[in-house]
Number of protein chains: 2
Amino acid sequence: MVGPMLNPAAVAPVRVRRHSAGSTHQAARSTARCSSCAMRHLCMPQGVAANELPQLEALICTARAVRRGESLYRAGDSFDNLYAVRSGSLKTVMAHRDGREQVTGLRLAGEALGLDGISSDQHACSAVALEDSSVCIIPYAALKHLCREIGSMQERLHKLMGEQIVREAAQMMVLGSLSADERVAAFLLDISERNAQRGYSSAEFNLRMTREDMGSYLGMTLETVSRTLSRFQKRGLIDAQGRFIHIVDPEGLRQVGPPERPGR
Amino acid sequence: MVGPMLNPAAVAPVRVRRHSAGSTHQAARSTARCSSCAMRHLCMPQGVAANELPQLEALICTARAVRRGESLYRAGDSFDNLYAVRSGSLKTVMAHRDGREQVTGLRLAGEALGLDGISSDQHACSAVALEDSSVCIIPYAALKHLCREIGSMQERLHKLMGEQIVREAAQMMVLGSLSADERVAAFLLDISERNAQRGYSSAEFNLRMTREDMGSYLGMTLETVSRTLSRFQKRGLIDAQGRFIHIVDPEGLRQVGPPERPGR
DNA sequence: CGACAGGTTGATTTTCATCAATAGTTGTGG
DNA sequence: CCACAACTATTGATGAAAATCAACCTGTCG
């Protein structure tokens, strides 16, 4: 795994407690260089040889700040860059013809963003910041070129895309096969794991999504999300105060199963 | 778009009518070379220069026959190859811990298969033939190497992955936001479009999935699928006889909307 | 302050799943 | 080729999960 030193998210491990809402990171100025940013995370894991580092650094990689509620890109925008979340978090949103929207993804610090634009040179969904955030900009053309020179970079990009394919397939399973309780439990455990992978607490985190965002992502209404969380709390599985979530009993969450039917 | 001459699916445009169920294609022997197979489709669209063709052909690309019900690969299998469906069709299936399975995708002739293995060198889902089918085998290692030499090939592979990312996101929308009626309508229109793109009829096709497969893919039960199709038939939108589907009124299908609620 | 967005909880309705019975299809082996 | 078994599809009756509608509460911010 990526050591904390290479993990941009670990640079400023903000763990906001309830009611101390403000993000403490300093959003990078939009012209700042970004040599120690998520680009490393994005490219290094399988190890780029030391002598290739200069080329890697040469990849123009500036940072951009995105304020809460702002779009990093919108569906239909021309696709030029990939992004790596440096701090904060964003949701991806896709719209149906008739205007209905659905949250299709959540990106935490250290995760990649923008792959939805590759297929048609236009972004297929919008990326909206859930809190003041900053991202590294990775020009796709340059990255593509670099991938032809450096095998490990090509490998890394492929894996990144492959991971998203698998993650989305897993989410299709969640939406297609699981009950409301199971969906919420799976979601909380997913966030918990992703936090752990990035060196944060797996037990406590501040989810920046609203209940409505969660519901949209999980294919249910905000009321159902709220009720489910309340029920989990009564059962002693979690302790939720608004957006601050404390996972008390992860094992219990994993055992949340399909609605039990009498006599089976 | 890809001209019919380059489209392997067009080589034997089998359009099976109701009750003449058998697929007429001759499944390629599993050792057959596959120079005019879907590999072209997979690689050519944006145009590989003529002088690069030999390299392309050199990519070891054999065919493999898969009988109805057989797996091309299973979740957990080591990932070595991508595949292009040459004839027939397959479903991809993902399993939950507790054994529940869900159909996560459907691949028709000319479409690519196997990208779910890239991220972890193991396939994340299984691919099961819905009818006797044949696929081209594309060794991933060789393809990766070729992508570093030929830019258009790299481009093509990236787009292929990007397309799957977008397709899956769209399916998440279907599962998360649409009513049962809308899901079935969207599914039929999707198949219809994909058929049209590949030179088949957009109005009539033989869906090899069972009602249960469809239900699994669409996040509903087989009974609901059946009822919905019956209702569409009564409304004159389609004419379905078992797995043979005739789309009578595509525009009407597109207008299938959310459950209307009185007084809004 | 007061308007507003977000969150919780309750009452009611709706959609869809489940259970069940039957009929149609397909493939197999005698 | 027919008969049988096994799978697949349709349709109806009933029930449960989740959506909708609604009221109220909280904290935030101009």
Side-chain angles (χ1 to χ4, degrees), chain A residues 18-22 67-69 100 102 130-131 174-185 206-216 218-234 238-245 256-264, chain B residues 16-23 67-69 100 102 130-132 175-184 206-216 218-234 238-245 256-264:
Chain A
R18 75 179 74 163
H19 299 163
S20 60
R67 302 283 259 294
R68 185 164 76 85
R100 277 177 290 184
Q102 171 154 351
L130 292 170
E131 59 191 302
V174 167
L175 291 170
S177 305
L178 304 191
S179 70
D181 281 13
E182 293 175 288
R183 289 182 209 188
V184 174
N206 204 322
L207 247 193
R208 310 314 267 256
M209 302 172 104
T210 65
R211 299 292 188 253
E212 183 166 23
D213 285 334
M214 273 193 253
S216 173
L218 297 174
M220 56 209 247
T221 59
L222 65 97
E223 291 97 328
T224 302
V225 172
S226 179
R227 277 186 245 273
T228 304
L229 290 174
S230 299
R231 222 163 334 105
F232 283 178
Q233 183 145 355
K234 280 203 196 78
I238 65 171
D239 181 14
Q241 307 287 328
R243 300 189 194 176
F244 183 80
I245 309 268
V256 169
E260 73 236 33
R261 37 194 60 271
R264 260 224 234 169
Chain B
V16 183
R17 312 298 300 231
R18 76 180 73 163
H19 298 161
S20 60
S23 208
R67 301 283 260 294
R68 185 166 75 83
R100 276 177 291 183
Q102 172 155 349
L130 292 169
E131 60 191 303
D132 292 355
L175 291 170
S177 306
L178 305 191
S179 69
D181 280 12
E182 293 174 288
R183 290 182 207 187
V184 174
N206 205 324
L207 248 193
R208 312 313 268 255
M209 302 173 105
T210 65
R211 299 293 187 254
E212 183 166 24
D213 284 332
M214 273 191 254
S216 172
L218 297 175
M220 54 209 250
T221 59
L222 65 98
E223 292 97 327
T224 301
V225 172
S226 181
R227 277 186 245 273
T228 304
L229 290 174
S230 299
R231 221 163 336 103
F232 283 178
Q233 184 144 357
K234 281 201 196 79
I238 64 170
D239 181 14
Q241 309 287 326
R243 300 189 194 176
F244 182 81
I245 309 268
V256 169
E260 74 234 37
R261 36 195 59 269
R264 259 226 237 169

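Sequence lines set the chain letters: A, B, ... in the order given, protein chains first and strands last, and positions in each chain run from 1.
- Nearer to the 5' terminus of DNA chain D, by closest-nucleotide assignment, is the contact made by B:G242 (compared with the other of A:A180 and B:G242).
- Atoms CG (A:D181) and P (D:dA16) sit 16 Å apart, rounded to a whole Å.
- Contacts of B:Q233 classified as side chain to side chain donor-acceptor pair (under 3.5 Å), with partners at least two apart in sequence or in another chain: B:D239.
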Could you list all N or O pairs between the protein and nucleotides 5-8 of chain D that sit under 3.5 Å apart?
residue : atom : partner : partner atom : Å
D:dT8   : O3'  : B:R243  : NH2          : 3.1

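- For C:dC16, the OP1/OP2 oxygens have no side-chain nitrogen or oxygen of B:T224 closer than 4.0 Å.
- With rounding to whole Å, A:F232 atom CZ is found 16 Å from C:dT8 atom C1'.
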What does the list of N/O pairs under 3.5 Å between the protein and nucleotides 13-15 of chain D look like, with a distance for each?
residue : atom : partner : partner atom : Å
D:dA13  : N6   : B:R227  : NH2          : 3.4

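- To the nearest 0.5 Å, atom CG of residue A:L130 and atom CG of residue A:N206 are 11.0 Å apart.
- Note that the OG atom of A:S226 and the CE atom of A:M220 stand 10.0 Å from one another [nearest 0.5 Å].
- Under the side chain to side chain donor-acceptor pair (under 3.5 Å) criterion, B:R231 pairs with B:D181, not counting sequence neighbours.
- Between the CE atom of B:M214 and the CZ atom of B:R183 there is a distance of 15.0 Å, given to the nearest 0.5 Å.
- When the P atom of D:dA17 is taken as reference, atom CZ of A:R183 falls 14 Å away, rounded to whole Å.
- In this structure, A:T210 and A:D213 have side chains that are in contact, with non-hydrogen atoms separated by less than 4.5 Å.
- To the nearest 0.5 Å, the span separating CG on B:L218 from CG on A:L175 amounts to 12.5 Å.
- The distance between atom CG of A:L207 and atom C1' of C:dG6, rounded to the nearest whole Å, is 15 Å.
- Taking a cutoff of 4.0 Å between a charged side-chain nitrogen and a carboxylate oxygen, B:E131 and B:R208 qualify as a salt bridge.
- Looking at the side chain of A:E223, the nearest of the listed nucleotides C:dC19, D:dA9, D:dC21 is D:dC21.
- With rounding to the nearest 0.5 angstrom, the CZ atom of B:R211 is 13.0 Å from the CZ atom of B:R227.
- Between B:E131 atom CD and C:dT26 atom C1' the separation is 15 Å, expressed in whole Å.
- The interatomic distance linking A:L229 (CG) with D:dA18 (C1') rounds to 15 Å, in whole Å.
- Residues forming a side chain to side chain contact (heavy atoms under 4.5 Å, CB included) with A:S216 (at least two apart in sequence, or on another chain): A:Q102, A:V103.
- The rotation axes computed at either terminus of the helix from C:dC1-D:dG30 to C:dG30-D:dC1 lie 40° apart, taking five pairs at each end and rounding to 10 degrees.
- Distance CE (A:M209) to P (C:dG6): 13 Å, rounded to an integer number of Å.
- As a whole-Å value, the separation of A:L175 CG from D:dA18 C1' is 15 Å.
- The 12-atom threshold is exceeded at CZ of B:R100, counting heavy atoms of other residues, nucleotides or ligands nearer than 6.0 Å.
- For A:I245 against A:A240, the heavy-atom pair with the smallest separation is CD1-CB, 4.0 Å.
- Comparing B:L222 and A:G219 by the nucleotide of DNA chain D that holds the closest heavy atom to each, the one mapping nearer the 5' end is B:L222.
- Among the heavy atoms of the strands lying under 4.0 Å from B:T221 is at least one base atom, whether or not backbone atoms are also near.
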